Amino acid sequence: RTSPATSCLLLIVERNNGSPLRMSNYLSEQQLNLWQQDGCLKVGDYFTENQKKELLAWVVDMQTRPESAGKWMKYFEAPLGEPGGRQLCRVENFLQFHAGFDALLRGERLIGILSELMGEPAVLFKEKINFKLPGGNGFLPHQDAPAFNSFDQTYHITMMVSIDPCNKENGCLEMVPGHHRQGILPTAADATIDPDIAETLSWELLPSEIGDIVFFDSYVPHRSAPNRSEQPRRALYITYNRASEGSYREKYYRCKRDIFPPDIERDPKKDYQDSGVFNVGNPIK
């Protein structure tokens, strides 16, 4: 585990020859090198056993809370083999309604790690829990940048926290490490990666265990398969941006609530299929 520190900023000291040496507060030099090389980084077993239990309880809390207009945003999907079914897929916009998540995800330690990866102070952009319950659908190949750059921001990092084991059977993350340097790839009409391009990429499974964290930048191609197991594959996905590019969380959720609201707030006479950047690659109905 990374060691605690009192500041989220990077330290700069001088070598004996006078050239600057970058000192990390949270991540090792090897981890930072892997991040630069791959555009993604897994930090295994980050949380203590008590913290893992607490995170699970928090996720179950949000999972079981009722739909509530104007509050947390619950989205649903039709599970595999049930075109008319309705199953929870995601919850968003919950930090202001959950003190534990808010303190953790905007706390000094995680913000410090994100700031090191960015090379400058980071700020939280948006938060979600993806549930991928048994029969939950996969997510199409995509990059986050086409959707996340909608507020004149140029770069984001997403932190995935495994609440359940994530593996091939239940649809763990798949990525193309090192491809973040290629910029935005050609897209289909729905802003996912053009299927012909996606077929040429070297996809790698990225399994994770309870309490693992995976960081990936907004230009890394990623996808996931359906959950064909009997257990849920729940995970937090928390996105951060450079503080120098502004804090847009509240504006983001105001826009999303207007363009692609949760079920409970939808007008039954309105078609929400054209949701633009607010539903890229997702199985949400």
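Quantities reported herein were computed from a predicted structural model and do not represent experimental measurements.
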Could you work out, with side-chain contact (heavy atoms from CB on, under 4.5 Å) as the rule, every residue matching [X], not counting sequence neighbours?
X: E169; answer: N167, S229
X: L104; answer: F47, L55, W58, L110
X: P283; answer: E77, C89, N137, F139

Enter the distance from [X]:[atom1] to [Y]:[atom2] here, rounded to the nearest 0.5 Å.
X: M175; Y: C40; atom1: CE; atom2: SG; answer: 5.5 Å
X: E54; Y: D61; atom1: CD; atom2: CG; answer: 11.5 Å
X: H142; Y: S218; atom1: NE2; atom2: OG; answer: 11.0 Å
X: E49; Y: I210; atom1: CD; atom2: CD1; answer: 8.5 Å
X: D38; Y: L206; atom1: CG; atom2: CG; answer: 10.0 Å
X: M159; Y: I238; atom1: CE; atom2: CD1; answer: 5.5 Å

Any non-hydrogen side-chain atom of [X] less than 4.5 Å from a side-chain atom of [Y]?
X: M118; Y: Y240; result: yes
X: H222; Y: P141; result: no
X: V91; Y: Q63; result: no
X: N93; Y: K126; result: no
X: F101; Y: V59; result: yes
X: N170; Y: R228; result: no
X: F215; Y: T158; result: no
X: Y219; Y: H156; result: no

Of L114, N241, L95, T239, the one forming a side-chain contact (heavy atoms from CB on, under 4.5 Å) with L124 is L95
Under the side-chain contact (heavy atoms from CB on, under 4.5 Å) rule, what do Y248 and R254 come out as? Steps first, then yes or no, please. CA-CA 10 Å; Y248 287 95; R254 283 199 304 270; over 6 Å; no
Do R233 and D164 meet the salt-bridge criterion of a basic N to acidic O distance under 4.0 Å?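 A salt bridge is absent here (no side-chain N lies under 4.0 Å from a carboxylate O).
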Verdict with reasoning, S244 to E120, per side chain to side chain donor-acceptor pair (under 3.5 Å): CA-CA 8 Å; S244 63; E120 61 179 90; 2.6 Å; yes
Aromatic rings [X] and [Y]: how do their planes relate, parallel, tilted or perpendicular, breaks at 30° and 60°?
X: Y237; Y: F216; value: perpendicular
X: F278; Y: Y252; value: tilted
X: F151; Y: F125; value: perpendicular

Restricting to non-hydrogen atoms, name the atom on [X] and the atom on [Y] that form the minimum distance, rounded to 0.1 Å.
X: P79; Y: R86; value: CD-N, 4.1 Å
X: D45; Y: K52; value: OD1-NZ, 2.6 Å
X: D212; Y: K42; value: OD2-CD, 4.2 Å
X: E127; Y: Y253; value: O-OH, 2.7 Å
X: L80; Y: P226; value: CD1-CB, 3.6 Å
X: R257; Y: P261; value: O-CB, 3.1 Å

Is the side chain of [X] donor-acceptor paired with the backbone N or O of [Y] at a distance under 3.5 Å, no angle test?
X: Q37; Y: L34; answer: no
X: D271; Y: Q273; answer: yes
X: S162; Y: A235; answer: no
X: Q153; Y: R242; answer: no
X: Y75; Y: F260; answer: yes
X: S68; Y: K71; answer: no
X: N33; Y: E29; answer: yes
X: K132; Y: G171; answer: yes

Same cluster (ILVMFWY, side-chain, under 4.5 Å), V43 and I163: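 Linked, V43 and I163 end up in one cluster.
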Grouping I, L, V, M, F, W and Y whenever their side-chain heavy atoms are under 4.5 Å apart, do L185 and Y155 come out in a common cluster?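 Hydrophobic grouping puts L185 apart from Y155.
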Taking only residues two or more places apart in sequence, or in another chain, which ones meet D190 in a salt bridge (charged side-chain N to carboxylate O under 4.0 Å, His left out)?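 So D190 forms no salt bridge (charged side-chain N to carboxylate O under 4.0 Å, His left out) with any residue.
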Mind checking what makes salt bridge (charged side-chain N to carboxylate O under 4.0 Å, His left out) contact with D194, not counting sequence neighbours?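 Here no residue qualifies.
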State whether Y272 and R266 meet the cation-pi test: NZ (Lys) or CZ (Arg) under 6.0 Å from the six-membered ring centroid, and within 45° of the perpendicular axis. yes
Take E92 and K74, measure what salt bridge (charged side-chain N to carboxylate O under 4.0 Å, His left out) needs, and give me the verdict at the end. CA-CA 7 Å; E92 296 193 47; K74 285 197 162 188; over 6 Å; no
Decide if atom NZ of K285 counts as having more than 12 heavy atoms of other residues, nucleotides or ligands within a radius under 6.0 Å. yes
For Q231, does the CD atom sit with more than 12 other heavy atoms under 6.0 Å from it, leaving out its own atoms? no
Quick one: do F97 and D102 satisfy side-chain contact (heavy atoms from CB on, under 4.5 Å)? Show the steps, please. CA-CA 8 Å; F97 307 107; D102 189 44; over 6 Å; no
Which residue pairs pass the side chain to side chain donor-acceptor pair (under 3.5 Å) test when at least one of the two sits in residues 171-180, sequence neighbours left out?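 For residues 171-180, and leaving out neighbouring residues, the side chain to side chain donor-acceptor pair (under 3.5 Å) pairs sorted by first residue read E174-R223.
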